[in-house]
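So that the names make sense, note that chain A is the first sequence line, chain B the second, and so on, each numbered from 1.
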2 protein chains.
Amino acid sequence: MIEPSGRRERKKAATRQKIADTALRLFLERGYDDVGIRDVAAEADVAVTTLFSHFAAKEALVFERDQGFERGLVRAVADRVPGEPLIPALRQEIHAMVRHCTAPEAAPVRSLIVSSPALRDYEESMRLRHADALAIAIAAELGVPETSTACRTIARFVIDAFALACEAAEPGDAVDEVFRMIEAAWDASRLA
Amino acid sequence: MIEPSGRRERKKAATRQKIADTALRLFLERGYDDVGIRDVAAEADVAVTTLFSHFAAKEALVFERDQGFERGLVRAVADRVPGEPLIPALRQEIHAMVRHCTAPEAAPVRSLIVSSPALRDYEESMRLRHADALAIAIAAELGVPETSTACRTIARFVIDAFALACEAAEPGDAVDEVFRMIEAAWDASRLA
DNA sequence: TCCAAAACCCTAACGGTTAGTGTTACGGTC
DNA sequence: GACCGTAACACTAACCGTTAGGGTTTTGGA
């Protein structure tokens, strides 16, 4: 009775994708605030309730791909080659994420996000969740309690690096600059 | 034609205060989500539109006093005694802010905020604004461009210290712990 | 073949927020 | 002391995101 194999899954994924694609297209054409949920649903040919069964909020329509970011961060901590130090592994992962977000083909979506306070706030709240997940992963890796202030601090700093680098003129250099500071902070903590 | 002195100002302030007091009382009595804007307006005996002319959003009704935080941070940078190093000055200010937020009499409001995702998100977006303001103040103090990555990084780290300490079991100790890391990060930056 | 669940649809509403349009009360001016 | 501009407030009516309630179709498996 489990394992909903095949067609059902594919159809559901297709519906979800169609909604996301339609939404992004309309947002880019007419602006985020000038496209209503009812517009998106109509254009994607689904009911409004169906749209909300796939996406928790209007803002989520824009951040379809960012689900992998959190997983990537946690993996960068948990699955790194034995003996590899933590911070450089995270630096590498943040580099990849920043490259992804600042790639030329991502520019229209970027400016869409920047132009809407609602989207900016939503993105920041996503980052907070990422930081919490990362803190838990780091704590698990080091064998300290999840509530360890030092772990949570490092996790936040790493997410800050991501956020700041995405807005910097030279994103790659910014990642390195912030990570020099994070490395020092790490050495000054009791975790190193 | 300027200088609206006297009665008008007082009446406006009184209205604002009455709205905020009423709102907080109702929220604490019945829960944030179970009190509507129309309830608050009716109980405070003002029109809904009047309420929104004083407060930008429902969430802002809960964060009436936090306007001073940003000012305090900027002042901690700009008005510190000559020769006093930057980071300890900020540490002191954050200590004061954390004490303020974790004081026993602030507990009901704290738990109100924690219990509502909307309020938590709003608080975090306020902190982002504080970080931006602080970054600008630091940049001005050091005579570097506002967009300096190092300045923005330190500002974010300081705000992180505040957020983490407010949630920690021992807030005061947490501030000191995070600031040891910030101090190291500061020394590793090109600003020190 | 038939069933249970998943996916979907429709309608109607709720609650925060805003636009449009007055009305009052205050402050400064002649 | 009468007068005018404007800030503060009120009322109505809506917009928009979101959800509840309740039904229909599609799918996978027994």
Would you tabulate the side-chain donor-acceptor contacts of residues 51-60 of chain B under 3.5 Å, counting partners in other chains and residues two or more places apart, or write 'none'?
unit_1: B:S53; atom_1: OG; unit_2: B:T50; atom_2: O; d: 2.8
unit_1: B:K58; atom_1: NZ; unit_2: B:Y32; atom_2: O; d: 3.1
unit_1: B:K58; atom_1: NZ; unit_2: B:V35; atom_2: O; d: 2.9

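- Every pair passing side chain to side chain donor-acceptor pair (under 3.5 Å) that includes a residue from residues 176-192 of chain A is listed here, sequence neighbours excluded: A:R91-A:D176, A:H95-A:D176.
- The aromatic rings of A:F157 and B:F157 lie parallel to each other, with less than 30° between the two planes, well short of the 60° mark.
- When the ring-ring contact (aromatic ring centres under 6.0 Å, His included) test is applied to A:F179, no partner is found at least two apart in sequence or on another chain.
- Qualifying salt bridge (Lys or Arg N to Asp or Glu O under 4.0 Å) partners for B:E141, counting only residues two or more places apart in sequence or in other chains: B:R80.
- Residue A:V48 is in base contact, counting any heavy-atom pair closer than 4.0 Å across all strands shown.
- For the segment residues 50-58 of chain B, residues with any heavy atom less than 4.0 angstrom from an atom of DNA chain D are, sorted by number, B:T50, B:H54.
- Taking the side chain of B:T49 as heavy atoms from C-beta on, and the options C:dA19, C:dC10, D:dG5, the nearest nucleotide is C:dA19.
- Under the side chain to side chain donor-acceptor pair (under 3.5 Å) criterion, B:R110 pairs with B:E123, not counting sequence neighbours.
- Near DNA chain D, meaning a heavy atom under 4.0 Å from it, residues 17-45 of chain B has B:R38, B:D45 in order of number.
- Here B:V74 sits alone; no ILVMFWY side chain lies under 4.5 Å from its own, so it joins no hydrophobic cluster.
- Sorted by first and then second residue, the side chain to side chain donor-acceptor pair (under 3.5 Å) pairs with a member in residues 157-168 of chain A read A:D160-B:R156, A:E167-B:R152; sequence neighbours excluded.
- Distances from the side chain of A:V46 to the nucleotides D:dG28, C:dC9, C:dA25 place C:dC9 closest.
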